[in-house]
2 protein chains.
Amino acid sequence: MSKDSTKNVVPTLADVARAAGVSSATVSRVLNQPSLVHENTFQVVMQKVRELGYHPNFGARALASKRTHTIGIIIPSLDNYYYVKCLSAIEESLKDLRISVLVATSNYNSVIERNQVDRLISRGAEGILCFRDTIHADTDDTVISKTTPLITIGSRACRGAMSMIGFNNRQAMAELALYAVAMGHKNIAYITAHLNKNTFLFERLEGVQDALGHSGISPSELRLYETHSTFDGGSDSFEKLMADDPTTTLVICSNDILAVGVATKALSMKYSIPADLSITGFYDLDIARVIEPKLTTVMVPIAQMGRRAAMAMVDFIVNNTMPTGSVLLETRLCIRGTLAPPKQVECV
Amino acid sequence: MSKDSTKNVVPTLADVARAAGVSSATVSRVLNQPSLVHENTFQVVMQKVRELGYHPNFGARALASKRTHTIGIIIPSLDNYYYVKCLSAIEESLKDLRISVLVATSNYNSVIERNQVDRLISRGAEGILCFRDTIHADTDDTVISKTTPLITIGSRACRGAMSMIGFNNRQAMAELALYAVAMGHKNIAYITAHLNKNTFLFERLEGVQDALGHSGISPSELRLYETHSTFDGGSDSFEKLMADDPTTTLVICSNDILAVGVATKALSMKYSIPADLSITGFYDLDIARVIEPKLTTVMVPIAQMGRRAAMAMVDFIVNNTMPTGSVLLETRLCIRGTLAPPKQVECV
DNA sequence: ATGAAAGCGCTAACAA
DNA sequence: TTGTTAGCGCTTTCAT
């Protein structure tokens, strides 16, 4: 085989140009700025592109243009419906704008999270979306590229030039807890996903404590259970907390997944919900309406947060507008069947 | 500012090399083949890397090495737990091997799917994972790069050099349906996700029909409902099918999500499960055990499929072994509370 | 509307 | 063990 004849390898721009009898600059224009090219030329070139099965080389394109049109997202776990729902909204917002999403997971670990930032940047991410704020606490900010914006979703505002799209975790949880506690519950347990160093989880805990305080219950009386954010985590914690104190009448959970786990286990242990036991969740995921009775929870605008975060990234990639500041979105109480006053209210 | 002094831009390999007093080749080795470099040199260079906040330029690296260490995955929807569960297993298998995952969605649309293949290849994907087999039916294979392997997950074997990791959809569904029908159900409805051109969904339908045939029921008596693969899709279809024929005693669903939607709606309509109504699903997702009674379904080794598919990609990327042939994994019946014989068995 | 040519930042021979 | 150097395939001025 001669070197110059049709090679049995991946075709390049030059190959297309040669086949179409134009320069490679013209082929590049056809692909990137078709309006600058004559209609006929366009057709001829596109024909050859199809014929040869040409695909632009991503590396070369990125190197020459200094653009990757890629963002990275660091998600604690793909097994957690909350994060995935947000990821879905992000991907949905970005796909038509031809911006790709590189997915990295952290397993709720802030060290891994920090490494993923570097990795994503090395992978060409022009911006990074992230769900936890431990990155900022744990790291020397100076190492984080100043040219790669990092936006935190659903957590609290961060220091530095970082931006945030979220909601008031403390207040949202306090509202829900206050509503529940005001029904007369005295013996309360709180199941939270592992706190680690996540401020947003601490804020929810503070929200619960705020509610207790307002209701004249000492926050120190709150029984706290930390666990994995899974159905089983909820179920296991419920067994444990009921073994610790069978008179518990209200179980507040830091998210719906835990709450559904609690409800499932409680039902199988023949507790009647909400007669024997009230349960609350957080987020208002689809599964909140799958269990019977349906779960009382807080609606968090997950998809909207994802869209806002995505838009901020688009604005950066397209207009070079560095995202800044923080946005707090509204949450809403969803009072449903799993919440009721405790059965035996003691007469004073 | 002079041109040569510390520039306020992204540092390059050459910048690190200059700062460390070595050649850029040495810096490259430190980063890619540290074993070839003297320990002292390694330390000095790494120190400068950190100091400057250097991140390798992905485009340049990809261009020079002809490697991206990236695979693409085309997923019908990130809102469907089944696909996400598999994605999770894939990501998990790949993260430690430093292979990145580019996520693209198709919205169950084979045209979009086909476009995503091109897009992912242009994005540098060295291989592509995909959940549907319509791509192969709809397309001129010659346009799909021969150098980029495409593996189908969970669907049937495809033609050409493409590879597949899946299971026998028809047989798995037939086993479940046969078990259910053998209990004496005569009036049966089947709710399926939109068939479109997906062979695997047709295969499940055939499985149901096989079971009816074996039980002496004419397959034409099966009432078929196509809907979106969501809880609401299941709920809505259930309302419809009960309006069409209130004597239905068994609802077979093409997946657990639909089945849970059916169960939720049935419960809220005061049907007693399984006394009035039996329900079956497919996949054995977490949510199968969340509803009460728990869902009868088929366990599909989703995570295992993801891992196998990921491993095949690793083998291609690392050893240049083109994936080929197809793998069929085992499924297992999960008989749980939503299935029972129909209440009024007519005496013959 | 099109072409020529200079890099983009890195890797991988090859030399030393 | 380290340095020199020639590209990788594309975009993008600058000409024409």
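These figures come from a predicted structure and were not determined experimentally. Within every chain, numbering begins at 1; the chains are lettered A, B, ... in the order of the sequence lines, protein sequences first and strands thereafter. Basis for what follows: all heavy atoms, side chains included, without hydrogens, waters or symmetry-related copies.
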- Hey, could you give me each pair passing salt bridge (charged side-chain N to carboxylate O under 4.0 Å, His left out) that has a residue in residues 74-93 of chain A? Not counting sequence neighbours. none
Measure from [atom1] on [X] to [atom2] on [N] and round the result to the nearest Å.
| X | N | atom1 | atom2 | answer |
| --- | --- | --- | --- | --- |
| His69(A) | dT11(D) | NE2 | C1' | 12 Å |
| Arg67(B) | dG9(D) | CZ | C1' | 17 Å |
| Gln33(B) | dT2(D) | CD | C1' | 13 Å |

With 3.5 Å as the limit, what N/O pairs link the protein to nucleotides 13-16 of chain D?
none

Could you go through residues 301-308 of chain B and list every donor-acceptor pair under 3.5 Å that involves a side-chain atom there, pairing it with any protein atom two or more places apart or in another chain?
none

- Note on the structure: Taking five pairs at each terminus, the helix from dA1(C)-dT16(D) to dA16(C)-dT1(D) shows an axis bend, to 10°, of 20°
- Are the aromatic rings of Phe131(A) and Phe200(A) close, with centres under 6.0 Å apart? no
- Least distance between heavy atoms, Phe316(B) atom then Thr147(B) atom: CZ-O, 3.6 Å
- Task: List for me each residue that meets side-chain hydrogen bond (donor to acceptor under 3.5 Å, both in side chains) alongside Glu39(A), sequence neighbours excluded, and say none if there are none.
- Result: Gln43(A)
- Go through the structure and list residues passing side-chain hydrogen bond (donor to acceptor under 3.5 Å, both in side chains) with Glu126(A), not counting sequence neighbours. Arg67(A), Thr68(A)
- Message: Assuming nearest nucleotide by heavy-atom distance, tell me which of Leu31(A) and Leu36(B) is located more 5' along DNA chain D.
- Response: Leu36(B)
Going by the rule ring pair (Phe, Tyr, Trp, His ring centres under 6.0 Å), which residues pair with [X] if we only count those two or more places apart in sequence or in a different chain?
| X | value |
| --- | --- |
| Tyr108(B) | none |
| Tyr82(B) | Tyr283(B) |
| Tyr54(A) | none |

- Would you give the length of the straight line joining atom OG1 of Thr321(B) to atom CG of Asp315(B), rounded to the nearest 0.5 angstrom? 4.0 Å
- Message: As an exercise, state the distance from CG of Asn109(A) to OG of Ser77(A), rounded to the nearest 0.5 Å.
- Response: 12.5 Å
- Taking OP1 and OP2 of dT2(C), is either one under 4.0 Å from a side-chain nitrogen or oxygen of Thr26(A)? no
- Query: Do the side-chain N or O atoms of Ser23(B) get closer than 4.0 angstrom to the phosphate oxygens (OP1, OP2) of dT2(D)?
  - Reply: no
- Query: Which residues within residues 37-45 of chain B lie with some heavy atom under 4.0 Å of an atom in DNA chain D?
  - Reply: Val37(B), His38(B), Thr41(B)
- Item | side chain to side chain contact (heavy atoms under 4.5 Å, CB included) involving Ala19(B) - partner list, sequence neighbours excluded | Lys48(B), Leu52(B)
Identify each atom pair where a protein N or O and an N or O of nucleotides 7-9 of chain C are less than 3.5 Å apart, giving names and distance.
unit_1	atom_1	unit_2	atom_2	d
dC8(C)	O3'	Lys66(A)	NZ	2.8
dC8(C)	O2	Ala64(A)	N	3.4
dG9(C)	OP1	Lys66(A)	NZ	3.2
dG9(C)	N2	Ala60(B)	O	3.4

- Is there a donor-acceptor pair closer than 3.5 Å between any side-chain N or O of Arg123(A) and the backbone N or O of His69(B)? yes
